[in-house]
Amino acid sequence: MTFRLGHACRAVFVVGLTATTAHAHSEFAGIDSFWNGAIHLFISPEQAISLFALPFAMSRLEPEQSGKSLVAHIAALVVALGVGLVAVSGDPQIVRALPFIVPGIDLISPASFYMRFAIPLTAVASSAIGFACGAAISETDSPWVFAAGMLFGALVITGGAMLLGERAKAPWTQIA
């Protein structure tokens with residue numbers, strides 16, 4: 001049986017379309033909008049998984065390329081989060097599949113292809129994640145504060161994923 005990228009992309013797309021409304025899209029009573037945004041990413045599976053997997057994959061790169069990819073990731077996330085907040089209303093279900101589809105295609109691409117085009121692939125995947133996160137923000141309280149909290153949570157997840165990725169590269173027999 002041979003691996004075919006087209007079949008894998010279609011499978012990721014179909015799985016992404018089956019995503020249902022998450023309980024995380026409502027705010028928790030008694031918590032500020034900023035912290036609601038930060039907590040949202042930890043309990044929304046499609047966003048948490050993609051925000052963890054992409055930086056974990058970026059940690060495989062050489063240090064210089066990894067740093068540039070991290071900058072592209074953060075910049076694309078910020079811009080797309082704002083665009084998703086302003087451009088989309090009502091949390092359409094198809095937008096919720098973006099964090100699985102686009103980063104999933106990046107992660108299943110061959111390593112040589114990913115290493116060669118890491119920065120643009122990371123920017124596109126981060127844009128998809130940010131756009132979906134921005135579209136998920138309800139217009140109830142203060143959406144920009146909620147978005148700032150989401151960005152904070154995204155940076156925490158990104159940092160943790162990259163640290164774990166770096167640790168996974170180190171030999172397990174090495175003692176500090």
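Bear in mind that the values here come from a model prediction, so they are computed numbers and not experimental data. For the numbers below, each heavy atom of this structure counts, side chains included, while hydrogens, waters and symmetry mates do not.
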(message) Would you compute the distance between atom NZ of K68 and atom OG1 of T122 and round it to the nearest 0.5 angstrom?
(response) 13.0 Å

(message) Same cluster or not: L163 versus I49, using hydrophobic residues (I, L, V, M, F, W, Y) connected whenever any side-chain heavy atoms lie under 4.5 Å apart?
(response) no

(message) Please find the pair of heavy atoms, one from A118 and one from Q65, that lie closest to each other, and give the distance.
(response) CB-NE2, 3.7 Å

(message) Would you say L77 ends up clustered with V86 if hydrophobic residues are merged whenever their side chains have heavy atoms under 4.5 Å apart, either directly or through other cluster members?
(response) yes

(request) Without swapping roles, check the side chain of S126 against the backbone of A123 for a donor-acceptor pair under 3.5 Å. (result) no

(request) Sort and list the pairs that fulfil side-chain hydrogen bond (donor to acceptor under 3.5 Å, both in side chains) and have at least one residue in residues 74-88, not counting sequence neighbours. (result) none

(request) Start with the C-alpha gap between F42 and I157, add the side-chain angles, then the distance that decides, and say whether side chain to side chain contact (heavy atoms under 4.5 Å, CB included) holds. (result) CA-CA 8 Å; F42 290 94; I157 293 172; 3.7 Å; yes

(message) If the condition is salt bridge (Lys or Arg N to Asp or Glu O under 4.0 Å), which residues does E62 pass it with, not counting sequence neighbours?
(response) none

(request) Treating Ile, Leu, Val, Met, Phe, Trp and Tyr as nodes and any side-chain heavy-atom pair under 4.5 angstrom as an edge, say whether M58 and I119 lie in one connected cluster. (result) no

(request) Quick one: list whatever passes side-chain contact (heavy atoms from CB on, under 4.5 Å) with F117, sequence neighbours left out. (result) F113, P120, L121

(message) Test of understanding: clusters of I, L, V, M, F, W, Y form through side-chain heavy atoms closer than 4.5 Å, transitively. Do V78 and L54 belong to the same one?
(response) yes

(request) Grab the two heavy atoms, one from C133 and one from L81, that are nearest each other, plus how far apart they are. (result) CB-CD1, 3.7 Å

(request) Identify the two heavy atoms, one from L70 and one from T158, that lie closest to each other, and give their separation to 0.1 Å. (result) CD1-CG2, 3.7 Å

(request) Kindly write out the residues that satisfy side-chain contact (heavy atoms from CB on, under 4.5 Å) with A48, not counting sequence neighbours, or none if the list is empty. (result) none

(message) Tell me whether V71 shares a hydrophobic cluster with F56, the cluster being built from Ile, Leu, Val, Met, Phe, Trp, Tyr side chains joined at under 4.5 Å.
(response) no

(message) Using 30° and 60° as the class boundaries, would you call the ring planes of W35 and F152 parallel, tilted or perpendicular?
(response) perpendicular

(request) Rounded to the nearest 0.5 Å, what's the gap from OG on S142 to CG on N36? Could you check? (result) 9.5 Å

(request) Considering non-hydrogen atoms only, spot the tightest contact between A161 and F52 and give its length. (result) CB-O, 3.3 Å

(message) My understanding is that only residues two or more places apart in sequence, or in another chain, count here; which of them pass side-chain contact (heavy atoms from CB on, under 4.5 Å) with S50?
(response) P99, P103, I129

(request) Please report the shortest heavy-atom distance between L41 and A154, naming the atom on each side. (result) CD1-N, 3.3 Å

(request) For S66, enumerate each residue passing the side-chain contact (heavy atoms from CB on, under 4.5 Å) test, keeping only those at least two apart in sequence or located in another chain. (result) L61, M162

